[in-house]
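Values below: every heavy atom of this structure, side chains too, minus hydrogens, waters and symmetry copies.
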Amino acid sequence: MKNNCDILEFDLIQKKIKQYCLSIMAKEKIDQLKPFTDLEDLRLFQDDIHHATKMVYAYGKLPIASFTDISNSLQKANKGGILFPEDFLSILQILKNIREIEIYLENEIEQSQLYDYMASLYLPKDLLHDIQRCIDPSGHIQDQASYELQRIRRQIVSIEASMRKKIASLKTEHKEQLSHDVISSRDDHLVLPVSVSYKHRIRGISHGQSASGRTVYIEPEEIVALNGQLAMARQDEQREIQRILIKLTQTVNSYYRVLSEDLKIMIDLDEIFAIALYSQKLDMIIPEVVAEHQGISLLKARHPLISSDQVVANDIILQKPQDILLISGSNTGGKTVALKTAGLLSYMAICGLPIPAVSAKLPLFDEIYVDLGDEQSIAQSLSTFSSHMSKLIAICKDVTSNALVIIDEICSGTDPRDGESLAQAILVYLHQKGCLTLSSTHYSSLKQFAKESDYIKIASVEFDHEKMRPTYRLLDGSVGNSYAIEISKHLGLNEEIIAHAYQLKDSSSTVSQKLMEKLQHELAEVIQEKEALEKAVEDAREKEQKYNRLIEQYHKQKDQLIEEAKEKANEYLEQAKDKTNLILKDLQGNMKPHVVIKAKKELDEAKYQKRQPQRRDDHVYKIGDVVKVLSVNREGEVIDISKKGILTIAMGGLKLNAKATEVEFVHEKLKVKKETSNVRSLRKATTQSFELNIIGLRYEEAMIQVEKFIDNALVNNYSMVRIIHGMGTGALRNGVRKLLDKNKYVKSYRDGGANEGGLGATLVYFE
């Protein structure tokens, strides 16, 4: 099937998927994709891709980085070798990915076989910690890898500092004997650039001379001793690094089986999620692959290699007892694309991959045979016809009842009468074999044969007569014409030739052929009108939904604006209160306090208070009630109530009827207060009496009560009140009158009359 899948360009699908892989190993697995032979294995693979795609849609792709194959490193550790820092960094990346997957699985992910597989990853936290502690991202062994390494490196730093200090001192001491004042380094040894005439003045080891021979590079003997110490320290450093790597390698080896299994799972997940990401990009679905070889159904199938803005979706359906689909129609009209789409999607499906379609159901083919393209074999001296026939011979020889056969332009490239006969015979043979066959043709007699055969389903690719170009849509149940003359005319062929061709075609066509061509034209027009009508209906539906959304948005915005306006009014009212307070403060000496308090109270009552609708099932509605109509989420006023309890509600000039159960009570009709022209008019005189009884209270408590009582009386605009204090010792009576004498708003007071409490009561009158 390898050659067939190449013809269908399955290798390009593999290339697209590999772009989403994070490892070379997963890319190799994508290259090895092939059709499943066991239906249960295929469905398990599909289930993993299905759940991976759901995870990608819900939580995004796996948050892991590229990783490499660590199997050789694991084998090396298992056989007693010592791993290098770069080996540990590769292992570290695997461990980091496992940690990220563990965090990813903390999302509310549906339980599945894939979830369990991902959860089976094991993270050796001690190994992760040790590698991160010992090796930095560049592969350098870090100081904190061990206490001993840290000590040795401090010693090295100290020795190097002593060497630099000493060489600087020597440079100053022998300044006159140096050819220049730049300290050099030769073979990792610090040296002094000594003029050749003074080379015997400085004791040490010579490390060569300059190209001119005028300078000798000498390592002073003081530095030689320090270099010896430095060399020993560096050897100690390398031995400690070796010990650290051995210890880390032993830890890796202790997790040999765990890490081997983790690597396998990581590669599998990389493959599965790469397929899922490709599926998400092309909005693919998981096809239903069944054991029964009863037909193929691909609804709204799209070729995955054609860009989304150009691809045309088609329904490709073939159901037994019909087992052959014969497609006809114009040249370059999409017949080959339809066949390639069916073949490629079928091959992807039996490989366990998702496919770009709305719905798909097909059998688990044991083979897909393909004869596509106009090929010639120059090496074998085969013509186009011979090349096609060689493939058809091989297909007829090997085909089984559980196969899919795809043939483009069956038996083309030879004499039409011979080609038609051969094509018909081959289709009959394939039908007898019981396989499913998809084929295209231009042969008129083959189209007629198909119409008369109950096991052949006919279809055609649509052609736009007005624009003189194909639409690439597949039409079931119709026979298409080649439109060769029309297309040639559109391409610019000489008009005289076109006219002659039409005459020849008309004279050679039978009555039935002319009638069929006329019917095809009419069918195409009907289909175009139908689609235009469907599009108009869909546009109208979308506009209706759009306007409904706009109306709903308008009502929401209107209510919000009203609410904001009222809140703004409250702000202005508060500002007015503040200004009023300042003015009233200046007028305090001339205006009674109860008048000021009353004015402030009136201002507070004028503030807008947001009302929350209250659902009261027991409320008896009456005219003037404000209600919310639940169906439109708007408020209105009840203006009429029928005998049956139907409410008539006015809303912004509109009226509607509703049952009591269809509305929600908001509040009763508000009474509008008449505005007063000034603050003084807020006071309204009243003759209503108001009294306080302080008999039995202690003096201090009684005086507090009386003072508070007088203030309340002023606020409530009482013109007269009575204070009952009893006669007793006269202390309460005298205390009351002292308070009244001090209050400038008390006009007068007197003892009670015969029916007013006598001397045990005091009647107070206000201005």
Side-chain angles (χ1 to χ4, degrees), residues 21-27 61-104 121-164 185-190 227 229-256 258-260 262-263 265-267 269-270:
C21 293
L22 296 170
S23 66
I24 295 175
M25 302 79 75
K27 292 180 180 180
K61 64 179 183 179
L62 282 181
I64 61 177
S66 300
F67 59 97
T68 56
D69 191 355
I70 62 171
S71 56
N72 289 336
S73 299
L74 297 179
Q75 288 288 345
K76 183 179 179 181
N78 190 243
K79 292 180 179 180
I82 302 175
L83 300 184
F84 297 116
E86 53 267 28
D87 297 325
F88 290 109
L89 291 180
S90 296
I91 295 171
L92 178 63
Q93 187 56 62
I94 297 287
L95 300 181
K96 286 182 177 180
N97 284 346
I98 295 173
R99 184 176 58 187
E100 292 299 326
I101 291 175
E102 287 181 346
I103 297 172
Y104 187 82
L121 285 166
Y122 180 78
L123 176 61
K125 294 182 180 178
D126 57 336
L127 178 59
L128 172 65
H129 175 265
D130 288 346
I131 296 176
Q132 288 180 317
R133 176 176 56 83
C134 295
I135 304 173
D136 69 14
S138 65
H140 177 71
I141 305 300
Q142 303 188 94
D143 294 353
Q144 61 265 32
S146 74
Y147 173 78
E148 180 64 14
L149 182 63
Q150 193 173 45
R151 184 194 66 79
I152 294 170
R153 285 183 172 169
R154 285 177 180 172
Q155 181 184 3
I156 291 172
V157 170
S158 177
I159 295 171
E160 288 176 338
S162 298
M163 292 174 66
R164 285 193 296 271
S185 175
R186 289 295 177 98
D187 301 325
D188 294 329
H189 291 267
L190 291 175
N227 257 328
Q229 296 176 26
L230 182 62
M232 291 181 63
R234 291 197 186 281
Q235 289 176 6
D236 292 342
E237 179 189 28
Q238 290 304 312
R239 279 194 294 269
E240 181 60 17
I241 288 174
Q242 187 79 346
R243 187 192 68 79
I244 292 168
L245 293 177
I246 291 173
K247 186 176 179 181
L248 278 178
T249 301
Q250 291 171 346
T251 306
V252 168
N253 187 46
S254 68
Y255 289 110
Y256 173 76
V258 170
L259 293 175
S260 297
D262 282 346
L263 176 63
I265 296 172
M266 284 296 304
I267 296 170
L269 293 180
D270 191 9

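- In this structure, the separation between CD on Gln238 and CG on Leu149 is 9.5 Å, given to the nearest 0.5 Å.
- A distance of 12.0 Å separates CG in Leu22 from OG1 in Thr68, rounded to the nearest 0.5 Å.
- In summary, Arg243 and Glu240 engage in a salt bridge, as defined by a charged side-chain N under 4.0 Å from a carboxylate O.
- At least one donor-acceptor pair under 3.5 Å links the side chain of Asn97 to the backbone N or O of Ala65.
- Rounding to the nearest 0.5 angstrom, the gap separating the CG atom in Asn253 from the CD atom in Gln75 is 10.0 Å.
- By the 4.5 Å heavy-atom criterion applied to side chains, Leu127 and Ile131 are counted as neighbours.
- For the pair Met266 and Phe67, the tightest heavy-atom approach, listed with the atom from each and the gap, is O-CZ, 3.7 Å.
- Side-chain contact check for Asn227 versus Met163: some heavy-atom pair is nearer than 4.5 Å.
- We find the CD-CD distance between Gln155 and Glu237 to be 10.5 Å, quoted to the nearest 0.5 Å.
- Between the Asp270 side chain and the Ala26 main chain, no donor and acceptor come within less than 3.5 Å of each other.
- Within the model, atoms OG of Ser146 and CD1 of Ile152 stand 7.0 Å from one another, a figure rounded to the nearest 0.5 Å.
- For NE2 of His129, the number of neighbouring non-hydrogen atoms (other residues, nucleotides, ligands) closer than 6.0 Å is 12 at most.
- Salt-bridge formation is detected for the pair Glu160/Arg234: a Lys NZ or Arg NE/NH1/NH2 atom is positioned less than 4.0 Å from an Asp or Glu carboxylate oxygen.
- Within the 3.5 Å criterion, the main-chain N or O of Leu95 finds no donor-acceptor partner in the side chain of Asp262.
- In this structure, the side chains of Val252 and Ser73 stay at 4.5 Å or more apart for every pair of heavy atoms.
- Asp87 places none of its side-chain heavy atoms less than 4.5 Å from the side chain of Asn72.
- Each of Leu128, Leu121, Leu259, Ile265 was scored for a side-chain contact (heavy atoms from CB on, under 4.5 Å) with Ile98, with one residue passing: Leu121.
- Shown here for Met25 and Ile267, the closest heavy-atom pair between the two residues is CB-CD1, 3.6 Å.
- Looking at heavy atoms from C-beta onward, Leu83 lies out of side-chain contact with Leu248 at the 4.5 angstrom threshold.
- The two residues Thr249 and Gly81 come nearest to each other via the heavy atoms CG2-O, 3.2 Å.
- At a threshold of 4.5 Å between non-hydrogen side-chain atoms, the residues Lys247 and Asp130 do not count as touching.
- Residue Leu74 comes nearest to Ser260 through the heavy atom pair CD1-OG, 3.6 Å, listed as atom of the first residue, atom of the second, then distance.
- With sequence neighbours excluded, the residues forming a side chain to side chain contact (heavy atoms under 4.5 Å, CB included) with Gln242 are Ile82, Ile246, listed by chain and number.
- Using a 4.5 Å heavy-atom threshold, the side chains of Leu245 and Phe88 count as touching.
- No donor-acceptor distance shorter than 3.5 angstrom exists from the side chain of Glu100 to the backbone of Leu62, with no hydrogens or angles considered.
- Two residues are said to be in side-chain contact when any heavy atoms from C-beta on lie closer than 4.5 Å; Leu269 and Ile101 meet this criterion.
- The residue from Gln150, Arg151, Arg153 that alone fulfils the side chain to side chain donor-acceptor pair (under 3.5 Å) condition with Asp143 is Arg153.
- Taking every heavy atom of both residues into account, Ser71 and Leu263 meet most closely at N-CD2, 3.8 Å.
- When all heavy atoms of Tyr104 and Lys61 are compared, the pair lying nearest together is CE1-O, 3.9 Å.
- Rounding to the nearest 0.5 Å places CD1 of Ile159 at 14.5 Å from CZ of Arg154.
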